[in-house]
Amino acid sequence: MKRASLRLLHFQFQKFYPKSSISVFSQDFSCQFSSLPSIDEHNNNNPSNPNSRSCSRTHSLVFSSKRRHSLNNPSQNLSTLVDPRQPSSQLSSRQRKLKERSQLVDDFEAAKTSDEMIKAFQEMEAILDDKELGLACLKIGLKLDEEGQYPEKVIDYANKALKILDENGHDNDLSLPLAMNLQLLGSASYTLSRFSESLGYLNRANRILKKLEETIDDDGFEIKHVLHAVHLNLANTKNAMGRREDAISDLKICLEIKEMTLDKDSRELGNAYRDMSEAYVALLNFKEALPYCIKATEIHKVELGTNSVEVAHDRRLLGVIYTGLEQHEKALEQNQLSQKVLKNWGLTSELLRAEIDSANMQIALGKFDEAINTLKGVVLQTDKESEDRAMIFVSMAKALCNQDKFSEAKRCLQMACGILEKKERLSPLEVSEAYMEISMQYETINEFETAISLLKKAQMMLEKIPQEQHSVGSASARIGWLLLLTGKVQESIPYLEDAVERLKENFGSRHFGVGYVYNNLGAAYLELDRPQSAAQVFALAKDIMDISLGPHHVDSIEACQNLSKAYSAMRSYTLAINFQEKAIDAWRGHGPSACDELKEAERVLQELKVKACGEFEEQKVLPAHPVRRRSSRSGVLVD
């Protein structure tokens, strides 16, 4: 994960230490926000700061000159200043102590590694007061986090700093270091997969920074940098916990901060728009993803040129988005433009994947022979045991299935599985995704048992990857559907119920994917003669479909008809007729293309009306029973 820069502490150390004390502004520390301008750059663009200059080489986060000051310190009185040329034997005891302190702090400042820093810290620990000790521990924690090797050590030093900073919570000057320390704890906890702890630290850091923003007089530029790190960490943590929908709001805040701090045509802002687009693609929300990707492409074309690698990456993502929107011609156009650039730059591996994508787009357009020829050309560029070759065989099988060449397709799938089995330990995520794709092909050729087996295998592998719980939910949904399809209704229900919970957690309760699973779960309940349970989940499915797809979408109409079936099974014919009539109105909106569906819906409506009449007649011939009512005073039933 990205980390808060060590340089952010420069101002804080200068405030609490004399001139010779610890600074965190050393050049060897890289900046968390390499993509954001430095404060100096920010001020350089502001006419009111004519004396500030750019630091474009490092883009390091530093503070404006008005904040670079030290607290008044007795050690800085003229009577106590130490002349470095004066021999130690001529110095007073007080001056010797100051010189020793100065040397220890210089050693700490000069440290290039965390080991050197810790050694210097141990030698000077006894001479530091509480505030200095807390800030020094924070600096060591940041350095360890930057090196990325010892998250447990990071937490040890950050906890020491937290205890001290919390005890001095009344000191407003320590609010920013406290927020940075909490962000550091959140980052280290994430690395150790302690996601709940990470969320707690990061949420607290966010609250502190929001309060700081409300109290400052200037634009709060340095606070925005830490806030960016906090929200980026929050997004990563929420994604790892499966809360992908929640993570979007944090990524939006990150983007807003970059929009405020970066030039409108900067490459980094283009990258940020592309990141936002990719986040929506991960949610299968291609409509929201499209404008962000278009913005990224426009910026990169202006800044880097049409034939740049960044534009090629943007175009490839556009191809994925257009495929998701079922605009396959546009998808293929973007893919081919991307391929030209990748070829010119000699990016062989990326070009190969783009060619596989191109074949899949050709399949979607029904150009099966073209797709097969593309794949035959690409397969020669791959190693015999590579994952890329396995995916080429999967795409080849897809094209062959569409040509009804099932035996050839099956051979391709078997070869793909043979390669992937050897890669399960090395690349569990890629292999599990491939198994899910292969299972769909087996489903196409009606080999459902093999499809279910592969899905269960993929599910077991994905269970061990915290960030892939949404994929576990998708696997559960498909296993449940296939079990339902093959008549194993009772067995399907736990998988479908598990899928609903996982997908709601990852994509939100109103995602269309959740609606599809509810539809299948309702069908299972109806098969088991549980019409009330079926009606409940069909109603949820209909609400979701109406919102996410619109009431006239084919799947929304199906959900409406399913709800009618459930009410019919409960003998609630009035409600059943009501929903069937809504379905008929929706089918009429499709015109001649839905003629058969409309006829069938009207036939079902007539049947419901007949049943409703029969129910009414049956009620008329039933013997009358005296009405029993409850006495309002005694509560006793009376005739």
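At a threshold of 4.5 Å between non-hydrogen side-chain atoms, the residues Lys464 and Pro428 do not count as touching. Counting only heavy atoms from C-beta outward, the side chains of Glu350 and Trp345 never approach each other to under 4.5 Å. Inter-residue side-chain proximity for Arg204 and Ile208 is flagged as met; some heavy-atom pair is nearer than 4.5 Å. The closest side-chain heavy-atom distance from Met241 to Ser196 is below 4.5 Å. Counting heavy atoms from C-beta on, the side chains of Asn159 and Leu185 come closer than 4.5 Å.
Of all non-hydrogen atoms in Arg267 and Glu303, the two that sit nearest each other are N-CG, 4.0 Å. Nearest heavy-atom pair, Leu455 versus Ala475, reported as atom, atom and distance to 0.1 Å: O-CB, 4.3 Å.
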Step by step, work out the salt bridge (Lys or Arg N to Asp or Glu O under 4.0 Å) result for Lys143 and Glu146.
CA-CA 5 Å; Lys143 183 62 178 175; Glu146 183 188 274; 3.0 Å; yes
Before giving the answer on side-chain contact (heavy atoms from CB on, under 4.5 Å), spell out for Met461 and Leu429 the whole-Å C-alpha distance, their side-chain angles and the decisive distance to 0.1 Å.
CA-CA 8 Å; Met461 295 166 70; Leu429 178 57; over 6 Å; no
Start with the C-alpha gap between Lys422 and Glu385, add the side-chain angles, then the distance that decides, and say whether salt bridge (Lys or Arg N to Asp or Glu O under 4.0 Å) holds.
CA-CA 9 Å; Lys422 300 169 187 174; Glu385 299 298 319; 3.1 Å; yes
Would Asn285 and Ile248 count as a side-chain contact (heavy atoms from CB on, under 4.5 Å) if you check the C-alpha gap in whole Å, the side-chain angles of each, and the deciding distance to 0.1 Å?
CA-CA 11 Å; Asn285 192 338; Ile248 285 286; over 6 Å; no
Please evaluate residues Tyr273 and Glu259 with respect to the criterion side chain to side chain donor-acceptor pair (under 3.5 Å), reporting the C-alpha separation (whole Å), side-chain torsions for both, the decisive distance (0.1 Å), and the verdict.
CA-CA 10 Å; Tyr273 282 126; Glu259 286 174 330; 2.7 Å; yes
Stepwise side-chain contact (heavy atoms from CB on, under 4.5 Å) check, Thr113 with Ile118
CA-CA 9 Å; Thr113 67; Ile118 290 167; over 6 Å; no
Check against side-chain contact (heavy atoms from CB on, under 4.5 Å), His300 and Arg274
CA-CA 10 Å; His300 287 147; Arg274 187 170 64 208; 3.9 Å; yes
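When only modelled atom types and interatomic distance are considered, Arg389 and Thr382 share a side-chain donor-acceptor pair under 3.5 Å. Donor-acceptor pairing under 3.5 Å is lacking for the side chains of Asn506 and Gln469. Inspection of the Asp498 and Ser476 side chains reveals an N or O donor paired with an N or O acceptor under 3.5 Å.
Relative orientation of the Tyr157 and Phe121 rings is perpendicular, given thresholds of 30° and 60° on the angle between their planes.
A centroid separation of 6.0 Å or more is found between the aromatic rings of Tyr280 and Phe286.
The backbone N or O of Gly186 sits nowhere less than 3.5 Å from a side-chain atom of Ser189 that would complete a donor-acceptor pair.
Partners of Leu192 by side chain to side chain contact (heavy atoms under 4.5 Å, CB included), not counting sequence neighbours, listed by chain and number: Pro151, Glu152, Ile155, Arg194.
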